[in-house]
Number of protein chains: 2
Amino acid sequence: MNEISTHKEMLKDSGLKNTKHRNSILSIFEKNAQPLTAEQIYAELANQNTSINLSTIYRILKTLTEKGLVIKTTIKGDSKALFELNNNEHRHHLVCIECKEITMVDECPFEEYEKKLKEKMGFTILDHKLEIYGVCNHCQEKADEKNKTGIDQPSKG
Amino acid sequence: MNEISTHKEMLKDSGLKNTKHRNSILSIFEKNAQPLTAEQIYAELANQNTSINLSTIYRILKTLTEKGLVIKTTIKGDSKALFELNNNEHRHHLVCIECKEITMVDECPFEEYEKKLKEKMGFTILDHKLEIYGVCNHCQEKADEKNKTGIDQPSKG
DNA sequence: GATGCAAATGCAAATCATTTTCGTTTGGAG
DNA sequence: CTCCAAACGAAAATGATTTGCATTTGCATC
């Protein structure tokens, strides 16, 4: 089964139509290890003589992100968003502050993480940024109360 | 020694003039545990009947960030930048995806981090984002070569 | 305290990534 | 093959942030 039919399935499973543009963008992601900006995708498609509007790319990226097929990331100090295929693995980004190259790291336990990364990959860590997202105690209690009283809860968006 | 004179010193040490606006902004940061957006600072100053232009706030925040007095952060899914005073400690942000409240966490070792946070603070972790910034092997070698050959290096920016 | 000049500020316009509107085209269910 | 919602193109809109330029202010020096 080739790439295109795989794409077709991915899209169908997400309730999306199988269009030329969506296939092209999924293919580009598969050919690139690096997360890409909308404009990089635009340039790549131009390279392939594929005519597409930048707003269409943004629209597709937004849709694919909402469906969980793609992950949107933003890197410190960079104004443009980066997108990459979601392989459903918990991974981290190593961002070189000089060449901006992004390396994927599959392993996570942060304990001795820095040391190991330095030894194994020769990556000198200067800074890192960790953000943890979740629900605080307060909101959790509020949600529990709502459940009890039967008041309708916020949609999951 | 009061707050204002401390600000005066901070600014002087960074080679910045001691202006009313800069003092006001530093004071606002000290009164707020949460990181703030430029607009929140604007609103807060309006509250205090202090007239200031939004672009001036952006300019001051940029300057203070460049001088290392302030830290700029961006939170996933939020288009506005957040600013907070730099207390020169390695800290992480706990972001509640419901109320958006940000909690500072001083401790870091990530090992058992999530579990501990859940137990100690009642914060249910749904996701986290870790970005590691540094210099990759490749760039490091390039830099070493340049050092040898005496070619001038990029300024530290 | 007066003076001068670079730095800081206000205001309006510009910028830049991203989104939206709306008219047209297309995928795919029936 | 037909039809309609979904997708797309083009251009304009948006929203956060930045910039150009004229004016004001901090502060070192007189």
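Every heavy atom of this structure was used, including side-chain atoms; hydrogens, water molecules and symmetry mates were not. Numbered from 1 within each chain, the chains take letters A, B, ... in sequence-line order.
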Please test A:L61 against A:I41 for side chain to side chain contact (heavy atoms under 4.5 Å, CB included), starting from the C-alpha separation and ending with a verdict. CA-CA 10 Å; A:L61 291 173; A:I41 293 170; 4.0 Å; yes

Write down the distance between OH (B:Y42) and C1' (C:dC11), rounded to a whole number of angstrom. 11 Å

Which nucleotide in C:dA7, C:dT26, C:dT9 has an atom nearest any side-chain atom of B:R59: C:dT9

A:T73 side chain near A:P35 side chain, heavy-atom distance below 4.5 Å: no

Below 4.0 Å: OP1/OP2 of C:dG10 and any side-chain N or O of B:H21: yes

Spacing of A:K80 atom NZ relative to C:dT18 atom P, expressed in whole Å: 8 Å

Does the side chain of B:L36 come within less than 4.5 Å of B:E44's, by heavy atoms? no

Spacing of CG belonging to A:L45 relative to CD1 belonging to A:I57, to within rounding of 0.5 Å: 5.5 Å

Has the side chain of A:R22 got a donor or acceptor atom sitting under 3.5 Å from an opposite partner on the base of C:dT26? no

Name the first nucleotide and the last nucleotide along DNA chain D (5' to 3') that come under 4.0 Å of a heavy atom in chain B. D:dA16 to D:dC27

Checking C:dG10, C:dT9, C:dG28 against the side chain of A:N18 (C-beta onward), the nearest is C:dG28

Can you tell me the distance, in whole Å, between the NZ atom of A:K20 and the P atom of C:dT26? 9 Å

Hey, could you give me the OG1/CD1 distance between B:T19 and B:I60, rounded to the nearest 0.5 Å? 5.0 Å

Just the rounded figure in Å: distance from P of C:dA8 to CG of B:L16. 6 Å

Atom OH of A:Y42: over 12 foreign heavy atoms under 6.0 Å: no

Given side chains that start at C-beta, do those of B:K17 and B:R22 come closer than 4.5 Å, heavy atoms only? yes

Earlier contact from the 5' end, DNA chain D, for A:T56 and B:K62: A:T56

Nearest 0.5 Å please: distance from the NZ atom of B:K31 over to the CG atom of B:L26. 11.0 Å

Base, sugar-phosphate, or nothing for A:A81, non-hydrogen atoms under 4.0 angstrom? sugar-phosphate

Is A:K17 touching bases, backbone alone, or none of the nucleic acid, heavy atoms closer than 4.0 Å? base

When rounded to whole Å, the OH to C1' distance for the pair B:Y58 and C:dA8 reads 19 Å

Closer to the 5' end of DNA chain D via nearest nucleotide, is it B:T74 or A:L54? A:L54

Separation of C:dG10 C1' from B:L45 CG (nearest whole Å): 15 Å

For DNA chain D, which consecutive runs of 3 or more Watson-Crick or G-U pairs (each distance under 3.5 Å) count as stems? C:1-30 with D:1-30

I want to check something: taking the side chain as every heavy atom from C-beta on, are B:Q40 and B:Q34 in contact at a cut-off of under 4.5 Å? no

A:I71 and its side chain to side chain contact (heavy atoms under 4.5 Å, CB included) partner, picked from A:L85, A:T65, A:N86, A:L82: A:N86

Given C:dA12, C:dA17, C:dT9, the nucleotide with the shortest approach to the side chain of B:S55: C:dA12

Given atom CG of A:L36 and atom P of C:dT18, what is their separation to the nearest angstrom? 13 Å

Within the structure, does a side-chain N or O atom of A:T19 lie under 4.0 Å from either OP1 or OP2 of C:dG27? no

Over how many whole Å does the gap from A:I41 atom CD1 to C:dT18 atom P extend? 11 Å

